[in-house]
Amino acid sequence: MPELPEVETTRRGIAPHITGRTVSRVIVRDARLRWPVPRRLAADLAGQMVEHVGRRAKYLLLETARGTAILHLGMSGSLRLLPAASPPRTHDHVDVLFGEQCLRLHDPRRFGAMLWTEDDPLAHPRLRDLGPEPLSTAFDGAYLHAVARHRRIAIKALLMDGHVVVGVGNIYATEALFRAGIHPQRSCRRISRPRLEQLVGEVKAVLDYAIARGGTTLRDFLNESGQPGYFAQELFVYGRAGQPCKRCGTRLKSRAIGQRASAYCPSCQH
DNA sequence: AAATTCTCCTGAAGGC
DNA sequence: TGCCTTCAGGAGAATT
């Protein structure tokens, strides 16, 4: 599923191919995404030049002089660059054509979104209340400590709260907590500041590393075969419940936190 | 206000 | 082989 590193990888992958290019046509085959694709989007985006491809949290921003297309890949979405003549397959919901080139949105579960705004995209209702970017200096130990001390939820739920920090999904929250040796269910207000500072460092490290590894995914992405699992073999705990801890050998456990499976090592994490 | 639960959807996996 | 059930999962909406 697209986590922040994959969205950023996607951004870096498509940006050089569409920045400065003008949209010749937009085809919406199925507008039934998380929210309906606005009817006016196709007409408004057509004829516009993409000035910049931005990202906020897991939202991709195709910025033009007239407005900005806001895309979210949900959990099964992907963007591919293809020849415009490529026949669409099932779940290929939107094409943004640039002459002979096509940027195609594919999303089987339709949890993704494609919106349109003519105003400042950062002021859009979907973006305006989001927390800081995890890789920015605004997300540091002091910040997380200040937030955590006033909340009474599990630390993992706090990390995954987009109002606190964006882009940290189930995989990276799970991995960062393992690396920091913190039990995912520990109350966030009962974690010392030094440990929170370490946790922040681990969040940044795992995201940085995954983005760096995203280069490989990027080529696959551009070539067409959306190859999965580029990071999977390096995961310490995510999806490994029942298997031995790679650090100490203890059988990993899993329990639900906020409706989400959360794997952890009962020996390494406290 | 914050915490919790519900919801969207499809494909994969498991049971029989 | 195949049908039925269960579940995952981002994140906004609804509820407590």
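Reminder, nothing fancy here: chain letters follow the sequence lines and each chain counts from 1.
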Looking at A/Arg66, I'd like to know if its CZ atom is crowded, meaning that more than 12 non-hydrogen atoms belonging to other residues, nucleotides or ligands lie closer than 6.0 Å. yes
Side-chain atoms of A/His72 come closest, of C/dG9, C/dA13, C/dG10, to C/dG10
Take the protein atom [atom1] of [X] and the nucleotide atom [atom2] of [N], then report the distance between them rounded to whole Å.
| X | N | atom1 | atom2 | answer |
| --- | --- | --- | --- | --- |
| A/Asp107 | C/dG10 | CG | C1' | 11 Å |
| A/Met75 | B/dT7 | CE | P | 18 Å |
| A/Ile70 | C/dA11 | CD1 | P | 14 Å |
| A/Trp35 | C/dA13 | CH2 | C1' | 10 Å |
| A/Asp161 | C/dA13 | CG | C1' | 14 Å |
| A/Asp30 | B/dC8 | CG | C1' | 14 Å |
| A/Leu33 | C/dG12 | CG | P | 15 Å |
| A/Arg34 | C/dG12 | CZ | C1' | 4 Å |

Report, one line per pair, each donor and acceptor closer than 3.5 Å where one atom sits in a side chain of residues 191-200 of chain A; sequence neighbours left out.
unit_1: A/Ser192; atom_1: OG; unit_2: A/Arg195; atom_2: N; d: 3.4
unit_1: A/Arg193; atom_1: NE; unit_2: A/Glu197; atom_2: OE2; d: 3.1
unit_1: A/Arg195; atom_1: NH2; unit_2: A/Gly181; atom_2: O; d: 3.0
unit_1: A/Arg195; atom_1: NH2; unit_2: A/His270; atom_2: O; d: 3.4

Could you tell me which residues satisfy ring-ring contact (aromatic ring centres under 6.0 Å, His included) with A/His106, sequence neighbours excluded, listed by chain and number? none
Counting C-beta onward and ignoring hydrogens, is there a side-chain heavy-atom pair between [X] and [Y] closer than 4.5 Å?
| X | Y | result |
| --- | --- | --- |
| A/Lys253 | A/Arg251 | no |
| A/Met114 | A/Leu45 | yes |
| A/Ile27 | A/Val94 | no |
| A/Arg55 | A/Val7 | yes |

Verify the contact: side-chain N or O of A/Tyr172 to OP1 or OP2 of C/dG9, cut-off strictly under 4.0 Å; return yes or no. no
Under 4.0 Å from OP1 or OP2 of C/dA11: is there any side-chain N or O of A/Lys58 that close? yes
Looking only at N and O atoms, is any donor in the side chain of A/Arg126 or the base of C/dA11 less than 3.5 Å from an acceptor on the other one? no
Parallel, tilted or perpendicular, as decided by the 30° and 60° cut-offs, for the rings of A/Phe178 and A/Phe236: parallel
Ignoring hydrogens and angles, tell me if any N or O in the side chain of A/Arg104 forms a donor-acceptor pair with the backbone of A/Ser86 under 3.5 Å. yes
Could you go through nucleotides 5-7 of chain C and list every protein N or O atom that sits under 3.5 Å from one of its N or O atoms, giving the distance for each pair?
none

Scan for side-chain hydrogen bond (donor to acceptor under 3.5 Å, both in side chains) pairs involving residues 140-153 of chain A, sequence neighbours excluded, and state none if there are none. A/Arg151-A/Asp161
Can you name the atoms? Protein N/O to nucleotides 9-12 of chain B N/O, anything below 3.5 Å, with the distance.
unit_1: B/dC9; atom_1: O4'; unit_2: A/Arg109; atom_2: O; d: 3.4
unit_1: B/dC9; atom_1: O3'; unit_2: A/Arg110; atom_2: NH1; d: 3.4
unit_1: B/dT10; atom_1: OP1; unit_2: A/Arg110; atom_2: NH1; d: 3.0
unit_1: B/dT10; atom_1: O2; unit_2: A/Arg109; atom_2: NE; d: 2.7
unit_1: B/dT10; atom_1: O2; unit_2: A/Arg109; atom_2: NH2; d: 3.4
unit_1: B/dG11; atom_1: OP1; unit_2: A/His91; atom_2: NE2; d: 2.7

Between N or O atoms, less than 3.5 Å apart, protein on one side and nucleotides 2-4 of chain B on the other: list the pairs.
unit_1: B/dA3; atom_1: OP1; unit_2: A/Arg152; atom_2: N; d: 2.6
unit_1: B/dA3; atom_1: OP2; unit_2: A/Arg151; atom_2: NE; d: 2.2
unit_1: B/dA3; atom_1: OP2; unit_2: A/Arg151; atom_2: NH2; d: 2.8

Measuring from atom CD1 of A/Ile182 to atom SG of A/Cys268, what distance do you get when rounded to the nearest 0.5 angstrom? 13.0 Å
d(A/Asp119 CG, A/Thr68 OG1) to nearest 0.5 Å is 9.5 Å
